Amino acid sequence: MKKRTPKAIGRVVPRKEGRAKVTGEAKYIDDINRDDLWHGATIRSSVARGSIRKITFDPKIPWKEFCVVTAKDIPGKNVVALIEGDQPLLAETRIEHPEEPVLLIAHPNKEMVTRARATIQIEYAAAAAVLDFEKSDTVFKSYSVNKGDVDSVFRRKDVTIVEETYFTGAQEQLYIEMNGVIAQASSQTGVTVWGSMQCPYYVHKALKALFQLPDDRVRVIQTETGGGFGGKEEYPSMIAGHAALLAWKCGHPVKLIYDRAEDMAATTKRHPSRTRHRTAVDKNGKLLAVEIDFLLDGGAYVTLSPVVLSRGTIHAAGPYLCDNVRVQSRVVKTNTPPHGAFRGFGAPQSLFAVEKHMDRIARVVGVAPEEIRRRNFLKTGGMTATSQVIQQKLDLSGLLDKALKKSNWKTKREKFLKHNKTSKIKKGLGLATFLHGAGFTGSGERVLASKVAVEGTEKGTIRVLTANTEIGQGTNTIFAQVVSDALKIPYEWVEVAQPDTARVPNSGPTVASRTCMIVGKLVERAALELEGKLIDSGLLEKNGEPSQFRKALVQYRKKYGELKGFAEYIQPSHVNWDDQLYRGDAYGAFAWAAYIAEVSVDTVTYCCTVDRFTAVQEVGRVVHPLLAEGQIIGGVTQGIGYALYERVVWKDGRMANNSLTNYIIPTSVDTPTIDVIFLEEPYEPGPGGAKGIGELPLDGPAPAILNAIENALGVEVNHIPLLPEDLLRVCEAGR
Amino acid sequence: MRGTASDYSLVTPKSLCEALTLIQQGAHPLAGGTDLMVLFEAGSLQWKSLVNIAGLKELKGIRFQQDRVELGALTTYTQILEDKKVVSHFPMLAESARLTGAWAIQNRGTLGGNIANASPAADSPPSLLAYDAEITLTSATGDRTIPYVDFHQGYKKTAIREGEIIRSITLPFPRRHSHTYFRKVGTRNAQAISKVVVAGLAHIIGGRLDQFRWAVGSLAPFPKRCRHVEKILWGNRVAKDLIQTACDNLKNDIAPIDDIRSTSTYRMIVARNCLKDFLEQLL
């Protein structure tokens, strides 16, 4: 009998880099040192808006020993090349936010850098800053989604209209490892940057523009990365540019690492939002017309805001069927550091609003929150707000039932009603049902045209070559699982190359829940192409055993040298998107979920605690059960922080609580038991049937928790973060 | 890191006597370092000359006497929590130790340091005030003992004179059947800086309060006893109207502010709710 390799997909295999991380062998950027290294620092603006008048250097500092870089030292274009190219790498005279980089300094002695940075004085002519995004009239981008005829429904007399406005705040990604890079640069050798990042090719593109260098003179290498959550999607282009400019000028490699205070104050956060809902329903709560006005605070420069807005817009109507929908959205400019990517990318904001609004509609109509959703759920064959027909099997009622049962919803809601009459601790249960599209929106994946490769090694093993980064979420492990199953070889025979633009093809950024579903599939195809070449060479028979595969690979290498398999993204035929009308198949696939939060509110202190959390989701085939569960638990925990703890305190456009002491994230004591349940509905175009998973779990917790608080207290709360101070204000106002 | 280590000097003395001489000369004591290292990290540690007193055995130890316990200034939060007798006699002190920082901080941080740092938001002072502690200060010229209630005098202003450090804190055993109430209100359930912290101790004889202390943190420029409230309650029978009167008078004892962590309104209302909560338990 033939010996079968057990399937890797669906099994808990050890993480590829797990051992190195646990033993401390893994080298993060600040672990890397060289004798000739100089240390850099960034001197930033301190006003929200204005122009630079004068820069004074303290004569007590030996400036001759330092390298000082200004915008004048930039060999190419002074822009962080991304979408619009409106953000300078270093301010020339104009200041648009209070953490704008103005000068860079470097010195071989780190303490000298610390001392010197505090002494540079910059004088400004201050100008009036726009700090309230609701009052900004500079629009970076707007979208409009239209389906059916909203206005004629609103004119009808037999409909009930439910209106409300919802707000969400900024949120800091708070990866454990701060942003940091090492750069080496000269006009002879070009520019090389090592660093903590999500998207090496984004940095590559930005450095090319900054130094006006061709592709092959710029090299970007991702080092072991301690978390990103979107916070290392675009910002590394900025810090890499800074370090490279210093290195270019001083002739030494330069290390630039932010401390927590700088990382929190200067780098991107989740966009604050305001969403207005106006909904027409019939007496049974059936949605007849949905009108949504979605507004995001973009901060000082465009950066990724148009794309964040796009995802938020498309998700704004939730997982519900309605024939008449209008979503209008805008992202506007304010004089704060630019807001950027954060796990969920616009969807947590607009889904918060719609899921709060569904509970409001339920109250107005007088039906239970689970029932209002059930009556409006999208089903297979139904159309989303962008008129995308749901092709895959979809059973949201089934998901919801599972969550209701697991959380003991009915019994507990009744029990809490009684309990709350006599106790100072009020308990409640709330839910949210939602969706999250995997991969780039609309035509995004087609435009990206990602490429991957796999290569056979001399030892007869396989190495995966992609630009997708392991940032703690399991990229290395799942790619190896996919190859293992595609080639029917042991998981241990597959390794994943360190992303290095000199060695790996551009498989696109590590964002948008696309790594597994989109790039994973490319890896599978590339592996099969490699196998095809082996079979064509006559060295391997079809359906050979693993040992034969390995032998054939070694022979091939001896005979012909290199063996590689390639794959490039092809848009599945079922995906059609119209960028002008913002209509069509926004995503290849959606993940679906029903989340339930159980909370306690202490009426002495107004502190809310999440006591239990139920997360039921359908993400296609689960590739690695333990990593997947970890993704859900981590995302829910960040969602709890988003809802109840994490407030960015803004003072004149700047984050005033930029420390772990005063920016509060949940600890293990604040995090309940999270019951994670996967219902699996394999998605054929994904590797082994997988869809996207990474962002989904951040969408649901905040509305579920606030709905639970409303259930506990009987007051309405429409904004997050909802800190005890806010809840007290709401309760006092209601007295 | 914004601090530059080479700008600082740190001396580790062999004895308390040697330490006190250095302190007399202007050096600043460093015990667990859990407050000072935060300032160093931020580049704002003003004392450049430091004396490492962490190893001084003269400042260590928990000593029980007949009716009281003396805690050396270097007693850590962990040591408080590991001493069964301290925990059973002084549950509020144990609770404040349990809720201060993380385990690592509890292993390093000392009771004396928490008091000397004199943060209005410190967690142990309200408990010590409610237990009517005494504090012993020592210097090259000798020791002196004062009621702890006289120790905190203003924002970061204490009774410590130049050349002095804290030697020990002494707590008398509370009377049998005393009622206690401790509450630390932070934004999360662990590792939070207090927005309101309260400690109350009451004793009832013949239905009347013959002892009532109510101490607070984060509600005034320094940790303090609420004398107006205490005066209203002391000697009286706890009843609904009395609770109302006491709560209405709390505003005469505290002056909460708006800051980066909370609001004056929140602190005022929650402080009142806590007082009400304790008094209702005594009904």
Side-chain angles (χ1 to χ4, degrees), chain A residues 30 39 41 109-118 178 257-262 424 600 602-610 640-641 644-651 655-672 721 723-729 731-732 735, chain B residues 1-8 34-35 37-44 98-99 101-103 105 119 121 181 183-198 218 247 256 258-281:
Chain A
D30 207 10
H39 297 272
N109 180 334
K110 201 174 168 188
E111 281 202 348
M112 289 295 282
V113 176
T114 305
R115 264 186 219 120
R117 74 188 291 188
M178 278 80 82
I257 311 265
Y258 290 170
D259 63 10
R260 185 64 72 184
E262 183 172 19
K424 283 186 178 181
S600 292
D602 185 333
T603 54
V604 173
T605 61
Y606 300 89
C607 290
C608 303
T609 304
V610 183
I640 292 171
L644 295 179
Y645 301 104
E646 300 184 38
R647 157 163 298 143
V648 175
V649 178
W650 296 105
K651 194 163 178 261
M655 183 184 195
N657 56 336
N658 56 330
S659 72
L660 289 170
T661 311
N662 292 326
Y663 182 79
I664 306 294
I665 61 165
T667 66
S668 55
V669 184
D670 308 292
T671 309
L723 273 79
E725 286 77 4
D726 307 302
L727 189 56
L728 177 142
R729 205 163 43 236
C731 291
E732 290 290 307
R735 270 188 194 188
Chain B
M1 188 85 74
R2 308 268 168 117
T4 44
S6 64
D7 293 342
Y8 293 84
T34 57
D35 280 310
M37 289 311 288
V38 175
L39 296 176
F40 175 78
E41 157 76 29
S44 56
R98 192 179 69 78
L99 292 171
W103 287 351
I105 298 291
S119 161
Y181 184 93
R183 193 132 191 181
K184 166 177 170 148
V185 185
T187 294
R188 62 184 166 205
N189 292 313
Q191 296 203 52
I193 293 184
S194 296
K195 299 190 291 194
V196 170
V197 53
V198 298
S218 288
C247 289
D258 287 340
D259 67 7
I260 203 161
R261 284 188 276 273
S262 190
T263 64
S264 155
T265 312
Y266 176 83
R267 289 180 160 118
M268 184 60 94
I269 291 175
V270 171
R272 194 189 153 109
N273 288 351
C274 290
L275 177 61
K276 189 163 172 252
D277 195 33
F278 182 33
L279 293 173
E280 282 175 354
Q281 288 174 20

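This is a predicted model, so every value here is computed, not measured. A, B, ... follow the sequence lines: proteins, then strands. Residue 1 opens every chain.
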Check: [X] side chain, [Y] main-chain N or O, donor-acceptor pair, under 3.5 Å:
X	Y	result
B:Arg261	A:Asn662	no
A:Asp670	B:Asn189	yes
B:Tyr266	A:Asp726	no

Under 4.5 Å from a heavy atom of chain B, the part of [X] involved:
X	value
A:Asn657	both
A:Lys651	neither
A:Val604	both
A:Arg729	neither

What are the two closest heavy atoms between [X] and [Y], and how far apart are they?
X	Y	answer
B:Gly186	A:Cys607	O-SG, 3.8 Å
A:Val669	B:Ala190	CG2-CB, 3.7 Å
A:Ala261	B:Arg2	CB-NH2, 4.0 Å

### Task
Verify side chain to side chain donor-acceptor pair (under 3.5 Å) between B:Ser6 and A:Glu111, making sure each step is shown before the conclusion.
CA-CA 8 Å; B:Ser6 64; A:Glu111 281 202 348; 2.4 Å; yes
#### Entry: Segment of B:Arg267 engaging chain A (4.5 angstrom heavy-atom cut-off)
neither
### Message
Any donor-acceptor pair under 3.5 Å linking the side-chain atoms of A:Glu725 with those of B:Thr263?
### Response
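The answer is no; no qualifying pair exists.
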